[in-house]
Number of protein chains: 2
Amino acid sequence: MSFSMSKALVPALELTLTALSGVLDKAQAFAAAKKIDPAVLLNERLAPDMFSLTRQVQAVSDLAKNGAARLGGIEPPRYEDNETTIDELKARLAKTVAFIKSVDAAKIDAAADREISFPLGPVNKGQMRGDDYLNHFVLPNVYFHATAAYAILRHAGVELGKQDFLAGIPMKMS
Amino acid sequence: MSFSMSKALVPALELTLTALSGVLDKAQAFAAAKKIDPAVLLNERLAPDMFSLTRQVQAVSDLAKNGAARLGGIEPPRYEDNETTIDELKARLAKTVAFIKSVDAAKIDAAADREISFPLGPVNKGQMRGDDYLNHFVLPNVYFHATAAYAILRHAGVELGKQDFLAGIPMKMS
């Protein structure tokens, strides 16, 4: 079986976003057990000028959908960033996964040499070759924000382990 | 140009470890400016049962060297985990990058269908197909620990931005 761009991208995004949804379930359960308003967790951050948990999850979604769409040669869907509950963030992640899986894998596979242009903030644009964009922008950014979300919750006391971050990976144990 | 296992692995590891070395430079400068013993930063962690900064950096190194070696069909080098200073951790990262770049890329490319077996803690072993091991174990784990190192330093007050985490990526801006 040959390696491909779609194989390096799509299952990794699906697994990571689905695992993050499970991490949010544990946050929900923690808030219920401790009788904390879940909004407290959603507004937590590791430094005053870092993203809150809500924004980290939205960033994971954005990087994933935008990455898959641009490599697939289609316009990324716009999401409203209006989530205020854990259930809404989980729905956003599920919607993102469904979108990513709908992108034409053959188009992603053919994008290795194509120049990808994408917004960097409100003014600038970035340009990268497709394979570089996948390897050095989409994946590291998605893992960065997914780990930041995990770290915010660990710091807040939620009991999580690496197996929550890597949930569902195709590994046999013996 | 075709996509390949080595292309998805080697430059991503080199960029990530090199960027982490730059993040450690900023930690060193922060400690000097604030007249803090750098060991304080090296022992910081986000939760009592999470890895310290030193262990996060060692984990990045371990996952990267072990991943490249196993995909390349060779025995991973053993490192001593005896680093006590930022300079020693930076040297460890540089040594790791040099090792990764020495692994036969053609062997990595040929490993997509090969079963990779690797220790999981002191007793268990994990088994994954080569492409899955690259996509769903090596890369997410390396990014996880690199982000955790970054997050520890951000939480400690070191001025870092996403561009420090993604330093050196092949992107043009306009």
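Just so it is clear: chains get the letters A, B, ... in the order the sequence lines come, proteins before strands, and each one is counted from 1. We use all heavy atoms of the structure for the numbers below, so side chains are in, but hydrogens, waters and symmetry mates are not.
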Under 4.5 Å heavy-atom distance to chain B, tell me which part of [X] shows up: side chain, backbone, both or neither.
X      : value
A/D49  : both
A/S4   : backbone
A/Y150 : side chain

Contacts of residues 73-92 of chain B with chain A (heavy atom under 4.5 Å): none
Picking from [options], which has the most non-hydrogen pairs under 4.5 angstrom with chain A?
options                       : answer
B/T16, B/N135, B/L166, B/D132 : B/N135
B/A8, B/P140, B/A47, B/A12    : B/P140
B/G168, B/S174, B/G126        : B/S174

Heavy-atom check, side chain of B/R45 versus side chain of B/F51, under 4.5 Å: no
Would you say A/L120 and A/K125 make side-chain contact, with heavy atoms under 4.5 Å? no
Heavy-atom distances under 4.5 Å only: say whether [X] touches chain A with side chain, backbone, both or neither.
X      : answer
B/F144 : both
B/F118 : side chain
B/P11  : both

Examine distances only and state if a side-chain atom of B/S21 and a backbone atom of B/T18 form a donor-acceptor pair shorter than 3.5 Å. no
Would you check if the side chain of A/R129 reaches a backbone N or O of B/M171 as a donor-acceptor pair within less than 3.5 Å? no
Is the shortest distance from a Lys or Arg side-chain nitrogen in A/E115 or A/R70 to a carboxylate oxygen in the other one below 4.0 Å? no
Is A/E14 paired with A/K101 through a side-chain N to carboxylate O contact shorter than 4.0 Å? yes
Would you please say whether a donor-acceptor pair under 3.5 Å links the side chains of A/N43 and A/S52? no
Return the CG to CG distance between A/L46 and A/L53, rounded to the nearest 0.5 Å. 10.0 Å
Got a second to check how far B/L24's CG is from B/D164's CG, nearest 0.5 Å? 11.0 Å
Among A/L15, A/V142, A/I152, which has the most heavy-atom pairs under 4.5 Å with chain B? A/L15
Using a cut-off of under 4.5 Å on heavy-atom pairs, state which of A/V123, A/N124, A/I116, A/D109 scores highest against chain B. A/N124
Non-hydrogen atoms of B/Y143 and A/T147 that approach each other most closely: O-OG1, 4.3 Å
Between A/F3 and B/F3, ring centroids under 6.0 Å: yes
